[in-house]
2 protein chains.
Amino acid sequence: MVTRWSIGDLAKASGLTVRTLHHYDEIGLVGASERTTSGHRRYTPDDVRRLYQVRSLRQLGLSLEEVRAALSRSDSLRPIFEAQLAALTAQAQQVEALRSRLTALLDGHTTESLLSTLELMSVYESYFTADQLSELRSRAAALGPEAVEELKASWLELVRQLRRHMADGTPADDPRVVELSRQWDSLAAQFHHDDPEIKAAAARSWEENKASISTQIGWPADDGLVSYLGAARAAR
Amino acid sequence: MVTRWSIGDLAKASGLTVRTLHHYDEIGLVGASERTTSGHRRYTPDDVRRLYQVRSLRQLGLSLEEVRAALSRSDSLRPIFEAQLAALTAQAQQVEALRSRLTALLDGHTTESLLSTLELMSVYESYFTADQLSELRSRAAALGPEAVEELKASWLELVRQLRRHMADGTPADDPRVVELSRQWDSLAAQFHHDDPEIKAAAARSWEENKASISTQIGWPADDGLVSYLGAARAAR
DNA sequence: GCTTGAACCTCACGCGACGGGAGGTCCTAC
DNA sequence: GTAGGACCTCCCGTCGCGTGAGGTTCAAGC
């Protein structure tokens, strides 16, 4: 007794949809080796076996093209798996970085300050020239995305504490605030490193940010935090 | 002096592409409030500000629709961020699960056994009837994806050890192998839980499984591992 | 004022992995 | 013989743009 499967039965058995099987057929990944005279697909045992192989590889997160490559020469499975593992590791780091940023944002900010904090970060990141930005980007790539995100998270924490002091009316020359300003600069130093040009650009930073970005962009990029920080820096 | 930005300048300043700005305009997310008589976009300071808000929200991994919603009523930022954090957490767990599976596969298997191991898992998962499968799926949903992936990782480890014993010529009634067969059944029990029908299906011996799977599917689902396991089980 | 090359404009197709529906044919059980 | 479910082949939609194609406009240098 020869065993043949209809597309619907195979879909039920495999947990895939009929449309997915159609798609695999369309792109030539898994098809039915036989058809009835009227054109209905009839999957042979070999077809079914291939489908299960495809499904198991897909469950590892491979793309259909990667699955095709893996099955075309099964001795290449190991390098493909290693590449996939590397890709997943990178993805995990990115997701973790986003999570830590979001967590820092949610923990430390009121609903109203959320958006303005984001804006401030976003604008500051755009402050440098295109060349300097690409410099920063390659530096960030060298550090690795997770280190950069840690810096950003620390930055967020600093902003949070400074805002709180401002709201509490702590004077800018209070030692705690002065200490925060020191941390701020030390964080910034990790961004610009030793590059004199970038350092100079960053040194112009906040006062000029306030003056030039506000006029360039046309709205006050500062809700008081920047001048507060400047006062703390002056009190050192 | 009124400040207006051309699309190219704004693209450079923001680090986005002209095409991206076109796209944001097309979908009505961020447009230029003004145009020259000939139709060139002229971005106003308010437009630029909105663009930076969009960019900062996008960097948190929100979709464009989510960004639109977040900006339409900025008091809804916090729930949106919380939802995003939850989504990222779930994603992180899935990625981690895949990573552990891949790591287990790569560590414990030769190039040749990689695919057959995957096949074995894939077929086993599909062995039950459609009803039982949907039962298993809802149970898997209750356990959560990471728990299911842990089970699969443990399973892989078992397969690895069993294959090694097979290759080493360890007799199936060796106490170590018998113990592995016990672990196998206990693992399987976590899949089928207390459902008597599923339990019954799983309780049928692997020899029977082999016969039944092989005829149902139409190719030998076993490369020796299953009968080895059956022999170990018989020796208890 | 004229030229020329860069910047800008509006379509419009493409990607990955299918979902979903339209409109028609076929199979199977009663 | 008939009904209704299963199957067939198009074909459009998703998401966030990339990448042209083909035409117009701007700005700088002569």
Side-chain angles (χ1 to χ4, degrees), chain A residues 4-44 47 51 53-71 80 83-84 87-88 91 94 98 130, chain B residues 4-44 47 51 53-71 84 87-88 91 94 98 130:
Chain A
R4 298 293 116 113
W5 296 68
S6 75
I7 196 169
D9 290 346
L10 185 52
K12 274 177 208 150
S14 64
L16 304 173
T17 68
V18 170
R19 181 65 183 90
T20 296
L21 296 182
H22 278 165
H23 183 60
Y24 290 175
D25 196 1
E26 271 174 36
I27 65 173
L29 183 58
V30 187
S33 299
E34 301 177 2
R35 298 269 185 145
T36 65
T37 50
S38 60
H40 288 196
R41 290 171 179 80
R42 289 168 61 76
Y43 288 87
T44 68
D47 299 335
L51 179 64
Q53 291 175 339
V54 166
R55 199 189 69 157
S56 66
L57 291 171
R58 282 246 64 196
Q59 287 177 339
L60 294 175
L62 299 183
S63 73
L64 294 182
E65 277 316 307
E66 288 166 335
V67 168
R68 189 203 303 279
L71 291 180
I80 288 177
Q84 175 68 4
L88 284 173
Q91 197 189 335
Q94 286 188 18
L98 283 187
Chain B
R4 297 294 115 111
W5 295 67
S6 75
I7 196 170
D9 291 346
L10 186 52
K12 274 176 207 150
S14 65
L16 303 172
T17 68
V18 170
R19 181 63 181 93
T20 297
L21 297 181
H22 279 165
H23 184 59
Y24 291 174
D25 195 1
E26 270 174 36
I27 65 173
L29 183 58
V30 186
S33 300
E34 301 177 2
R35 298 269 185 145
T36 67
T37 50
S38 61
H40 287 195
R41 290 170 179 80
R42 290 169 61 78
Y43 288 87
T44 68
D47 299 335
L51 179 64
Q53 292 176 339
V54 166
R55 200 190 67 159
S56 66
L57 291 171
R58 282 247 65 196
Q59 286 177 338
L60 294 175
L62 298 183
S63 73
L64 294 182
E65 277 315 308
E66 287 166 336
V67 168
R68 188 202 304 278
L71 291 180
Q84 176 67 5
L88 284 174
Q91 198 188 336
Q94 286 189 21
L98 283 187

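Below, chains carry the letters A, B, ... as their sequence lines are ordered, and counting in each starts from 1.
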### Task
Could you say whether A/Thr17 or B/Arg42 is positioned toward the 5' end of DNA chain C, judged by the nucleotide with the nearest heavy atom to each?
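The 5'-side residue here is B/Arg42.
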
#### Entry: Residue met sooner reading DNA chain C from 5', once A/Leu62 and A/Arg19 are mapped to nucleotides
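The residue whose closest nucleotide sits nearer the 5' end is A/Leu62.
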
### Distance-minimising heavy-atom pair for B/Trp5 and B/Ala13
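Reported closest heavy-atom pair: CZ3-CB, 3.8 Å.
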
#### Entry: Nearest heavy-atom neighbours spanning B/Leu64 and B/Arg58
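Residues B/Leu64 and B/Arg58, closest heavy atoms: CD2-CD, 3.3 Å.
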
### Message
Using a heavy-atom cut-off of 4.0 Å across all strands, would you classify A/Ile27 as base, sugar-phosphate, or nothing?
### Response
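No contact.
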
Whole angstroms only, please: what is the [atom1]-[atom2] distance between [X] and [N]?
X       : N      : atom1 : atom2 : value
A/His22 : C/dG20 : NE2   : C1'   : 13 Å
A/Glu26 : C/dG16 : CD    : P     : 14 Å
A/Glu66 : C/dC15 : CD    : P     : 17 Å
B/Lys12 : C/dA6  : NZ    : C1'   : 10 Å
A/Arg41 : C/dC27 : CZ    : P     : 15 Å

### Query
If you measure from CG on B/Leu60 to CD on B/Gln84, what distance do you get to the nearest 0.5 Å?
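Rounded to the nearest 0.5 Å, the CG-CD separation comes out at 7.5 Å.
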
### Task
First locate atom CD1 of A/Ile27, then atom CZ of A/Arg68, and finally report the distance between them rounded to the nearest 0.5 Å.
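So the gap between those two atoms works out to 5.5 Å.
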
### Query
chain B on DNA chain D: first and last contacting nucleotide, 5' to 3', under 4.0 Å to a heavy atom?
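Counting from the 5' end, contacts occupy D/dG16 to D/dC26.
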
### Message
For B/Ser63 and B/Gly39, find the nucleotide of DNA chain D closest to each by heavy atoms; which residue's nucleotide sits nearer the 5' end?
### Response
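It is B/Ser63, whose closest nucleotide lies nearer the 5' terminus.
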
### Query
B/His40 or A/Gly8: which one's nearest nucleotide on DNA chain D is closer to the 5' end?
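Going by which nucleotide is closer to the 5' end, it is A/Gly8.
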
Hey, is the side chain of [X] poking within less than 4.0 Å of OP1 or OP2 on [N], counting only N and O atoms?
X       : N      : result
B/Arg35 : C/dT10 : yes
A/Arg58 : C/dC18 : yes
A/Thr20 : C/dA17 : no

#### Entry: Flag, side chain of A/Ser14 to backbone of A/Leu10, donor-acceptor distance under 3.5 Å
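It does hold such a pair.
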
### Message
Taking the minimum atom-to-atom distance to the side chain of A/His23, which one of C/dC18, C/dC8, C/dA7 wins?
### Response
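The answer is C/dC18.
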
### Task
Tell me, with the steps shown, if B/Asp47 and B/Glu34 meet side chain to side chain contact (heavy atoms under 4.5 Å, CB included).
CA-CA 10 Å; B/Asp47 299 335; B/Glu34 301 177 2; over 6 Å; no

### Query
With side chains defined as the heavy atoms from C-beta onward, is the minimum distance between B/Arg41 and B/Thr36 less than 4.5 Å?
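They are not in contact (no side-chain heavy atoms under 4.5 Å apart), so the answer is no.
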
